Number of protein chains: 2
Amino acid sequence: MTSVSELTDHTGFRMRMVSNAVSQAFARKVEAEGVTVAEWVFLRALYNTAPMPPSVLAGSMGMTRGAISKLADRLLEKGLIERTDSPSDKRAHSLSLSAEGQAKVPVLAALADENDAAFFGVLTPAEHRQLDHLLTVLAERSGLRAAPVD
Amino acid sequence: MTSVSELTDHTGFRMRMVSNAVSQAFARKVEAEGVTVAEWVFLRALYNTAPMPPSVLAGSMGMTRGAISKLADRLLEKGLIERTDSPSDKRAHSLSLSAEGQAKVPVLAALADENDAAFFGVLTPAEHRQLDHLLTVLAERSGLRAAPVD
DNA sequence: TATTGTTATACTCTATAACTATA
DNA sequence: TATAGTTATAGAGTATAACAATA
């Protein structure tokens, strides 16, 4: 019989604990740059790619079209992305980084580097590689290819 | 010089991706039991412990008192926790699981087991142990002892 | 004055579904 | 009819800060 005191520690629980701490710290950092974490993921997805319709972004970010639409509105207001109407389909358009957005991505990436260093720097290089490997395996075997957002 | 195409994959980013997928799947599972993930964490924190004032819970869950207050309201409405006024301090009270809450925790824990198995079962036992170890190291060295909530 | 806890306000993220315009 | 995208609505989570009651 299983008594309640034997509640196991769940890997998912522990991962959430670490991941949330990392993300919250990162959120503070990018806030100083005037963007949210979701906006960073959005900008990152557009970096070095051809302009993309929102529907494609929704798929690659693992978000609904409605959520993408709201995010895109904010980024347009901030002047970080641009919208280009499709010449062939009057319903459709593509999104791409503006010059300002283009310039902002490396700045945000540097903050992500800093944040990673602060949290994962406590691991030995071998441990850090191990972790990356395990996360990659988990993402691949679970069919993930998208960006997490919250 | 660093060109934009060399944007590294961040460990924090990858972890968030995996963690979010795990959490979202878990959220679906506990939803069937009528609770949210935050409520599960709350109930779990009260399991097998002495009654706790909300301020202590806030600390151990890494949430503000305001957030705990809202969560506690919901759990009281659902009849899963109980409130006991402090005899010595008329401002204070303690929270504990109701009989129903007590009974619910193992059910939710079983769902967490299932969820862990579904996601981390793709790892070999050795890899799974490695991951647990790494997450524990990260949590400890980052001063985390709390539960993530979002 | 300081502390316990609640409440008010506000924002992000998310999802569902209704809706508009075009195909 | 189907598709691209927007908008409306709602709910969960979070934080800050003002507030009430008590210490």
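Just so you know, these numbers come straight off a predicted model, no measurement behind them. To find a chain, count down the sequence lines: A is the first, B the second, and so on, and within it residues start at 1.
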Just call it for B:Thr64: base, sugar-phosphate, or nothing, with non-hydrogen atoms closer than 4.0 Å on any strand. base
Give me the distances for all protein-to-nucleotides 7-11 of chain C N/O pairs that come in under 3.5 Å?
none

Whole-Å distance between [N] [atom2] and [X] [atom1]?
| X | N | atom1 | atom2 | answer |
| --- | --- | --- | --- | --- |
| A:Leu71 | C:dT12 | CG | C1' | 9 Å |
| B:Trp40 | D:dA12 | CH2 | C1' | 19 Å |
| B:Ile68 | D:dT14 | CD1 | P | 9 Å |
| B:Glu39 | D:dG11 | CD | C1' | 12 Å |
| A:Asn20 | D:dT14 | CG | P | 8 Å |
| B:Leu75 | C:dT6 | CG | C1' | 16 Å |
| A:Phe26 | C:dT12 | CZ | C1' | 16 Å |
| A:Arg28 | D:dT14 | CZ | P | 12 Å |

Does B:Asp116 use its side chain to pair, donor to acceptor, with the backbone of A:His10 at less than 3.5 Å? no
Please check: side-chain N/O of A:Lys78 versus main-chain N/O of A:Gly34, any donor-acceptor pairing under 3.5 Å? yes
Linked, directly or transitively: B:Val107 and B:Val37 (ILVMFWY side chains, under 4.5 Å): no
Would you say B:Leu134 and A:Val122 are hydrophobically clustered, going by side-chain heavy atoms of ILVMFWY under 4.5 Å? yes
B:Trp40 vs B:Leu111, test: side-chain contact (heavy atoms from CB on, under 4.5 Å). Steps then yes/no. CA-CA 11 Å; B:Trp40 150 244; B:Leu111 293 179; over 6 Å; no
Euclidean distance, [Y] [atom2] relative to [X] [atom1], rounded to 0.5 Å:
| X | Y | atom1 | atom2 | result |
| --- | --- | --- | --- | --- |
| B:Arg141 | B:Thr136 | CZ | OG1 | 11.0 Å |
| A:Glu82 | A:His93 | CD | NE2 | 12.5 Å |
| B:Met17 | A:Leu135 | CE | CG | 8.0 Å |
| B:Ser69 | B:Arg74 | OG | CZ | 11.5 Å |
| B:Leu123 | A:Leu138 | CG | CG | 4.5 Å |

Between A:Ala25 and A:Phe119, the two heavy atoms sitting closest are CB-CE1, 3.5 Å
For the helix from C:dT1-D:dA23 to C:dA23-D:dT1, what angle separates the axis at the start from the axis at the finish, each from five pairs, in steps of 10°? 30°
Quick one: is the NZ or CZ of A:Arg44 closer than 6.0 Å to the six-membered ring centre of B:Phe13, and within 45° of its axis? yes
Hey, does the side chain of [X] come within less than 4.0 Å of [N]'s phosphate (OP1/OP2), counting only N and O?
| X | N | value |
| --- | --- | --- |
| B:Thr36 | D:dG13 | yes |
| A:Ser55 | D:dG5 | yes |
| A:Arg74 | C:dC13 | yes |

In residues 76-94 of chain B, what residues come within less than 4.0 Å of DNA chain D, judged by heavy atoms? B:Ser88, B:Asp89, B:Lys90, B:Arg91
